[in-house]
Amino acid sequence: MVVLRAGLCPGLTEEMIQLLRANGIRTVVDFVSSDLEDVAQKCSLSYKALVAVRRVLLAQFSAFPANGADLYEELKSSTAILPTGNPSLDQLLDSGLYTGEVTELMGAPGSGKTQVCLGIAASVSLSLKQHVLFLDSTGGFIASRLYQMLQAQTEDEEEQLEALQRIQVARVFDVYEVLSALQELRDRLSQQVMSSTGPLKIVVIDSVSAVIYPLLGGRQSEGLAIMMQLSRELKTLAREFSLAVVVTNQVTRDSSTGPLKPALGRSWSFVPSTRVLLESKEASWDKGTTRRVAALAKSPRQPTGLQVELDIGNGDMPEPSPVTPTQGL
Amino acid sequence: MGDAPRRAESGTQLLARLEGRSSLKNLEPYLFAEEGSPVHGDIIEFHGAEGTGKTEMLYHLIARCIVPKSGGGLEVEVMFIDTDYHFDMLRLVTILENRLAQRTEEMIKQCLGRLFLVNCNSSTQLLLTLYSLENLFCAHPSLCVLLLDSISAFYWIDRSNGGESLTLQEMNLKKCASFLEKLVRQHHLVLFATTQTLMQKSANSAEGFFPLKLPHETDTDYRPYLCKSWQQMVTHRIFFSKQCSSGNSNGFTVISCHLKRNQVVKRSFSVAECGVRF
């Protein structure tokens, strides 16, 4: 709701604004949607001047259409596919995480979402030498675990250190902190202006449900509005700066026997382009196992229902042996 | 035409427009309840939950429009308004590659040259963009299909911005809806818009939004929530849902209703590499 004021665009003088206001035209939308011939008569302003102002206002505030062919050219050069560090997960995602999209990992607590996120951060930082922004809202980011992953992938200590330095972690505990961290990111990326490939390629938010859940419920729609603002910000960042955005989410069921679906409701379900469900393999009495099953629940490229088995271990972390009852000597 | 200077149309422009208009009858006959649809001036709403194939259907329509006549398409220009950054260009290119006989870069770029894309970030920007697009429609007589994905994207944000007053909440969408109607009427377009199923159907079935309760509405999860002006200008409403049959994770159903003639038809389709297939 942009209000008309002097200097908003060339040709819009203070007197013009006063005359317009006297006739009920206060915002840009009012101006653009009114009949200019009518306005010219009522406010005794020059029709030509009004048309010129209208043209400039529209150019300033409306979105500009792009041609499909040009957009395709641009996308071909700016889209990248980032490896997750786990070949079976890459296969599920059709080679990896695509930039320009939001990918969601959903699963019950303990299903390995944070572990997979750490793996993605390690892989992107080490093998691609790209920067990573990790927004941690649950306190689940453990630097030593990340370090173990890096150690498993390379022996060179200097490389490990450099990889750690490329991962920026921010602890965010409510949605406003998330939004301001994203705003900071946006400012940083905008300043690197001309090149479309800044050093940062991926943003991981673990988890988005932790910051949104407190806002939902009740009859007010403000919580939903903030959730939609956050989702817009994520998608806009992903598209404008060619980033991959990974978010983690909880799961719920409609009834005790219904299928698992992502938490945060229907409105959120439209947001990610790709959704992967992480589950433990059935009947694993062994709590320490690192085996998981990842199923593709939503994808713009692959048919849903694909499943792969994952090992989310740290690499060389020994699997704890199954508990055996002590035998008599 | 409001305040835009009146433009005289040349004979060739008029012919081009009329020609573009009549050939839309072959756009996708399976989607419509009666033959000869869509015609210019139609406003078609795609309604469905997440993952029910609405966006895929839009890609299918785009491909049908931009592929040249030699490839079996309609060779008309399409304007796609994307409000939630959902459009995936790479997916569209894959579909085109699968449908064209010659899959050369040249051919693909030629097809994509008939597609115009614009992204809107708020309902105000959507409204202002529609105003600025008016000129584009005048300048491109073969631009006769307008796709809007989705018109419900700003629902919660608008509702929160409008505070307590329903009028204020719906104001922007109402203006967009009436301007869209004007555009469609004046430039002889066909508008396809998607709306998301944001609300659960209420237990009370006597909602009273429609004077006649069409029988199909009992088995679709449809609870109207957008402003009345939008609901009243829709001529066809197509409900998308996923088939839950065992083993077929790829089946989708469309229930297509022609609102004025009260005709309903139910069809199914699947999504493959080449896009939608009936």
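In what follows, every chain begins at residue 1, and chains take the letters A, B, ... in the order their sequences are listed. Bear in mind the structure is a predicted one, so any value in this text is a computation, not a measurement.
- By the neighbour-count criterion of 12 heavy atoms within 6.0 Å, atom CZ of Arg26(A) is sparsely surrounded, having that number or fewer from other residues, nucleotides or ligands.
- Residues Thr195(B) and Ser150(B) are not in side-chain contact: their nearest non-hydrogen atoms beyond the backbone lie 4.5 Å or more apart.
- By number of non-hydrogen pairs under 4.5 angstrom with chain A, the leading residue of Phe179(B), Phe116(B), Tyr155(B), Tyr131(B) is Tyr131(B).
- Residues Leu112(B) and Leu96(B) are in side-chain contact: their nearest non-hydrogen atoms beyond the backbone lie under 4.5 Å apart.
- Taking the side chain as every heavy atom from C-beta outward, Leu215(A) and Glu222(A) never approach each other to under 4.5 Å.
- Ranked by heavy-atom pairs under 4.5 Å with chain B, the list Glu73(A), Arg239(A), Lys76(A), Met228(A) is led by Arg239(A).
- The greatest number of non-hydrogen atom pairs below 4.5 Å with chain A, out of Val93(B), Thr124(B), Asn119(B), is found for Val93(B).
- Heavy atoms of Phe154(B) lying under 4.5 Å from chain A belong exclusively to its side chain.
- Residue contact with chain B, scored on non-hydrogen atoms closer than 4.5 Å, involves the side chain of Leu75(A) exclusively.
- With respect to Lys235(A) and Asp84(B), no salt bridge is recorded, no charged nitrogen being found less than 4.0 Å from a carboxylate O.
- Ser273(A) does not touch chain B: none of its heavy atoms, backbone or side chain, sits under 4.5 Å away.
- Using a 4.5 Å cut-off on side-chain heavy atoms (C-beta onward), Glu37(A) and Tyr47(A) make contact.
- Of the two parts of Arg55(A), neither the backbone nor the side chain holds a non-hydrogen atom closer than 4.5 Å to a non-hydrogen atom of chain B.
- One finds a salt bridge joining Glu233(A) and Arg186(A) here, because a Lys/Arg side-chain nitrogen approaches an Asp/Glu carboxylate oxygen to under 4.0 Å.
- Using a 4.5 Å cut-off between heavy atoms, Leu126(B) makes no contact with chain A at all.
- Put simply, of Met79(B), Lys109(B), Lys175(B), the one with the most heavy-atom pairs under 4.5 Å next to chain A is Lys109(B).
- Only the backbone of Phe64(A) comes within less than 4.5 Å of a heavy atom of chain B; no side-chain atom from C-beta onward does.
- Neither the backbone nor the side chain of Asp158(B) has a heavy atom closer than 4.5 Å to any heavy atom of chain A.
- Of the residues considered (Ala153(B), Ser123(B), Ser152(B), Ser160(B)), Ser160(B) shows the highest number of contacts with chain A, using heavy-atom pairs under 4.5 Å.
- Only the side chain of Leu136(B) comes within contact range of chain A, with at least one heavy atom under 4.5 Å from a heavy atom of that chain.
- No donor-acceptor distance shorter than 3.5 angstrom exists from the side chain of Ser62(A) to the backbone of Ala59(A), with no hydrogens or angles considered.
- In this structure, chain A has a heavy atom under 4.5 Å from the side chain of Glu105(B), while its backbone stays farther away.
- Most heavy-atom pairs under 4.5 Å with chain B: of the set Ala40(A), Gly265(A), Ser267(A), this distinction falls to Ser267(A).
- There is no contact between Gln302(A) and chain B, counting heavy-atom distances below 4.5 Å.
- Salt-bridge formation is detected for the pair Arg301(A)/Glu101(A): a Lys NZ or Arg NE/NH1/NH2 atom is positioned less than 4.0 Å from an Asp or Glu carboxylate oxygen.
- With a threshold of 4.5 angstrom between heavy atoms, Leu198(B) approaches chain A through its backbone and through its side chain.
- Looking at Thr79(A), the atoms closer than 4.5 Å to chain B (heavy atoms on both sides) all sit in the side chain, from C-beta outward.
- The OG atom of Ser209(A) sits 5.5 Å away from the CG atom of Leu264(A) when rounded to the nearest 0.5 Å.
- Separating the CD atom in Gln196(B) from the CZ atom in Phe270(A) is a distance of 4.5 Å, to the nearest 0.5 Å.
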For this session: Run the numbers on Glu104(A) and Trp268(A) for side-chain hydrogen bond (donor to acceptor under 3.5 Å, both in side chains), then give the verdict.
Result: CA-CA 11 Å; Glu104(A) 181 180 68; Trp268(A) 176 263; 2.6 Å; yes

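- Contact count versus chain A (heavy atoms, under 4.5 Å) is highest, among Leu92(B), Asn121(B), Val271(B), Leu127(B), for Asn121(B).
- Both the backbone and the side chain of Thr236(A) come within less than 4.5 Å of a heavy atom in chain B.
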